[in-house]
Amino acid sequence: MDRSPTREVTIVSPPPPPVTVIGIGADGWDGLGPAAREALRTAEVVIGGHRHLGLLPPECHGERVPWPSPLRPAVPGLFAAHTGRRVSVLASGDPMYFGIGRTLAELLGAERLRVLPHPSSVSLACARLGWALEETEVISLVGRPLATLNRELYAGRRLLVLSAGAETPAEVAGLLGDRGFGPSRMRVLEQLGSAEERCVEGAAEEWPHPPGDPLNVIAVDCAPADGVRPLSLAPGLPDTAYDHDGQLTKRQVRAATLAALAPAPGELLWDVGGGSGSIAVEWMRAHRTCRAVSVERDPVRAERIGRNAAALGVPGLTVVTGAAPDALAGLPTPDAVFIGGGLTAPGVLEACWAALPPGGRIVANTVTLESEALLADRYRRHGGDLVRLAVSHATPVGAFTGWRQAMPVTQWSATKPLDSRGPGGYAADPAGSVEAAQGETR
């Protein structure tokens, strides 16, 4: 009788074949290199837009699958349906530059991708214009509001705008005129890299051209009209830059508040008690990847926040209409929180502190004694900085000039300890911390 021990055999499944992501230009098959052509010839499935799939010759025998709409939610299921097959994906130009490559890397994993880029429309445009790519600002209006351009308009700046279609050049020209940049020179480069490539140009304020090819890139040499002074990107914009009803963090205090909040690329701010949205707007203006959610209980003010955000070039600001702390439930975890109103509402301070991860920042401003007492208590419990900001403005006093002092603002700022249960701190719990804090105060 064989008494030898039973050996366990582990069967390791072979890794799925890589997904080859191929950049293709307006010159189609002729512009592809040998590796890209071979991948398309041997692919069992080719996924892409209808225009891209139409560029393939008959020798590519793989099943042609157009992208579904909406695209992102369908990607995991689409690739799961073709598991084990050799899949190639077609994308415009460089797939990793405002392209499908980023989405596939996020959803499938970068290790599954083999990317074969083609020169992007941006590279081709700079080559035609003689512009240094590293000194050119690129703004995509594909799936993004036209108002995104408002943040980018400065004298002497060179912009390349990725167009959403044939109507985009006229829309850009109209916006430039409305914002005082009518003298700007515009050039529209169509079908870059193809035999039908062409360029039309003119001043934005007198744009003479009808809609052309939908595949275009817009080059803008920014030139303001006489007397137009663009707004600074530094915090502390003039109060007149905002539409408001008096609920506005004033310029000097706003600059100090943004300094305490310390925005960094990619970070998310909660602006609680948004008022006119000035703190959230200037947080997002600090860097194009900064994100913000403004929470405002008054519907009229909430709508005004959206208008201010668009006018100042950050239309991606999310506005939540509702009262804190209830309106905070379910929001993504913030890197920083600003409380500009509603400090005395039960649970607001607790919920905001609880929502912060270790290392997150909180800043709260007030002008009332009641709220000041709350901030003094938080300073005692959590430390940080407690300061009083006093601003005086020179105003006429008869035939002379004197100082008129605005109401002093008490500001508490603190950073949550890296030990998530530091002195007086709550454990970071992005999924349920707000709800837990609400329960403690009810």
Side-chain angles (χ1 to χ4, degrees), residues 147 149-155 178-181 224-225 227-263 269-287 290 292-319 321 336-343 363-368 371-372 387-397 401-413:
L149 273 176
N150 288 336
R151 179 182 175 274
E152 312 297 337
L153 304 180
Y154 292 92
D178 292 343
R179 303 295 296 186
F181 278 76
V228 172
R229 295 184 63 187
L231 296 172
S232 171
L233 287 175
L237 296 181
D239 294 346
T240 53
Y242 295 93
D243 177 18
H244 63 92
D245 60 359
Q247 293 297 312
L248 173 73
T249 302
K250 299 304 188 291
R251 182 179 193 175
Q252 289 77 14
V253 174
R254 193 182 330 124
T257 300
L258 266 295
L261 286 168
L269 171 75
W270 284 4
D271 177 17
V272 181
S276 64
S278 61
I279 296 296
V281 165
E282 295 190 28
W283 168 280
M284 291 184 67
R285 283 174 62 87
H287 193 271
C290 286
V293 178
S294 189
V295 179
E296 172 54 55
R297 66 180 180 179
D298 185 295
V300 175
R301 288 177 180 162
E303 184 179 358
R304 186 181 292 120
I305 291 171
R307 293 199 304 270
N308 282 330
L312 293 168
V314 289
L317 171 61
T318 299
V319 182
T321 305
V337 175
F338 171 66
I339 309 175
L343 273 170
V363 176
N365 291 354
T366 188
V367 296
T368 70
S371 293
E372 187 177 90
V387 300
R388 177 165 291 177
L389 305 171
V391 178
S392 298
H393 295 274
T395 58
V397 180
T401 303
W403 293 106
R404 184 178 300 278
Q405 183 170 332
M407 292 184 69
V409 175
T410 299
Q411 180 182 93
W412 172 60
S413 60

S.K.: Are the side chains of Leu312 and Tyr242 in touch, meaning some heavy atoms are under 4.5 Å apart?
M.R.: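 The answer is yes; the side chains approach within 4.5 Å.
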S.K.: Closest approach of Ala302 and Glu296, non-hydrogen atoms and distance?
M.R.: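 Scanning both residues, the minimum pair turns out to be N-CG, 3.8 Å.
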S.K.: Does any part of the side chain of Ser278, heavy atoms only, come nearer than 4.5 Å to the side chain of Leu237, both counted from C-beta?
M.R.: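 Result no, sub-4.5 Å side-chain heavy-atom pair not found.
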S.K.: Hey, what do you get for CZ (Arg254) to CG (Leu389), rounding to the nearest 0.5 Å?
M.R.: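 Reported to 0.5 Å precision, the distance equals 13.5 Å.
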S.K.: Hey, what do you get for CZ (Arg285) to CG (Leu317), rounding to the nearest 0.5 Å?
M.R.: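 Result: 12.5 Å between the selected atoms.
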S.K.: Kindly give the heavy-atom pair with the smallest separation between Val363 and Ala260, and that separation in Å.
M.R.: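 Of all heavy-atom pairs spanning Val363 and Ala260, the closest is CG2-CB, 3.8 Å.
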S.K.: When rounded to the nearest 0.5 angstrom, what is the spacing between CG in Leu343 and CH2 in Trp412?
M.R.: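 If I round to the nearest 0.5 Å, the distance is 10.0 Å.
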S.K.: With no hydrogens and no angle check, do the side chains of Thr257 and Asn365 hold a donor and an acceptor under 3.5 Å apart?
M.R.: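 Thr257 vs Asn365: donor-acceptor pair found between side chains.
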S.K.: Give a yes or no on whether the backbone of Asp243 and the side-chain of Asn308 come within a donor-acceptor separation of less than 3.5 Å.
M.R.: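 Side chain of Asn308 to backbone of Asp243: a pair is present.
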S.K.: Using a strict threshold of under 4.0 Å (side-chain N to carboxylate O), is an ion pair present between Arg304 and Asp298?
M.R.: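 Here Asp298 does not pair with Arg304 in a salt bridge, since their nearest N and O are not under 4.0 Å apart.
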S.K.: Are Arg151 and Leu233 packed together at the side-chain level, in the sense that at least one heavy-atom pair is separated by less than 4.5 angstrom?
M.R.: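 Arg151 vs Leu233: side chains touch.
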S.K.: Quick one: closest heavy-atom pair of Pro408 and Val367, and the distance?
M.R.: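 Heavy atoms of Pro408 and Val367 come nearest at O-CG1, 3.6 Å.
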S.K.: Show the nearest heavy-atom pair for residues Leu258 and Pro235, with the distance to one decimal.
M.R.: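 So the minimum-distance heavy-atom pair works out to CB-CB, 3.7 Å.
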S.K.: Mind checking the CG-CH2 spacing from Asp271 to Trp283? Nearest 0.5 Å is all I need.
M.R.: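 Answer rounded to 0.5 Å: 10.5 Å.
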S.K.: Between Ala147 and Ala310, which heavy-atom pair has the shortest distance, and what is it?
M.R.: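 Smallest heavy-atom distance, with atoms named: CB-O, 3.5 Å.
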S.K.: Should we say atom CZ of Arg307 is surrounded by more than 12 heavy atoms from elsewhere, each under 6.0 Å from it?
M.R.: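 Yes, the 6.0 Å shell around CZ holds more than 12 heavy atoms from other groups.
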S.K.: When you compare the side chain of Trp270 with that of Val295, does any pair of heavy atoms fall below 4.5 Å?
M.R.: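 Sidechains of Trp270 and Val295: no contact.
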S.K.: Just verifying a value: how many Å separate Leu153 CG and Arg179 CZ, rounded to the nearest 0.5 Å?
M.R.: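 Answer for the CG-CZ pair, Leu153 versus Arg179, is 7.0 Å.
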S.K.: Are side-chain heavy atoms of His393 and Gln252 found at a separation under 4.5 Å?
M.R.: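 Yes, side chains in contact.
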S.K.: Return the minimal non-hydrogen interatomic distance between Gln405 and Ala390, and the atom names on each side.
M.R.: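 Closest approach of Gln405 to Ala390, heavy atoms only: NE2-CB, 4.0 Å.
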S.K.: First locate atom CG of Leu269, then atom CD of Glu282, and finally report the distance between them rounded to the nearest 0.5 Å.
M.R.: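 CD of Glu282 is found 12.0 Å from CG of Leu269.
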S.K.: Arg251 side chain to Gly236 main-chain N or O, any donor-acceptor pair under 3.5 Å?
M.R.: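 Checking the backbone N and O of Gly236 against the side chain of Arg251, a donor-acceptor pair under 3.5 Å is found.
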S.K.: Would you check if Leu248 and Ser276 make a side-chain contact, meaning some heavy-atom pair closer than 4.5 Å?
M.R.: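 Leu248 vs Ser276: side chains touch.
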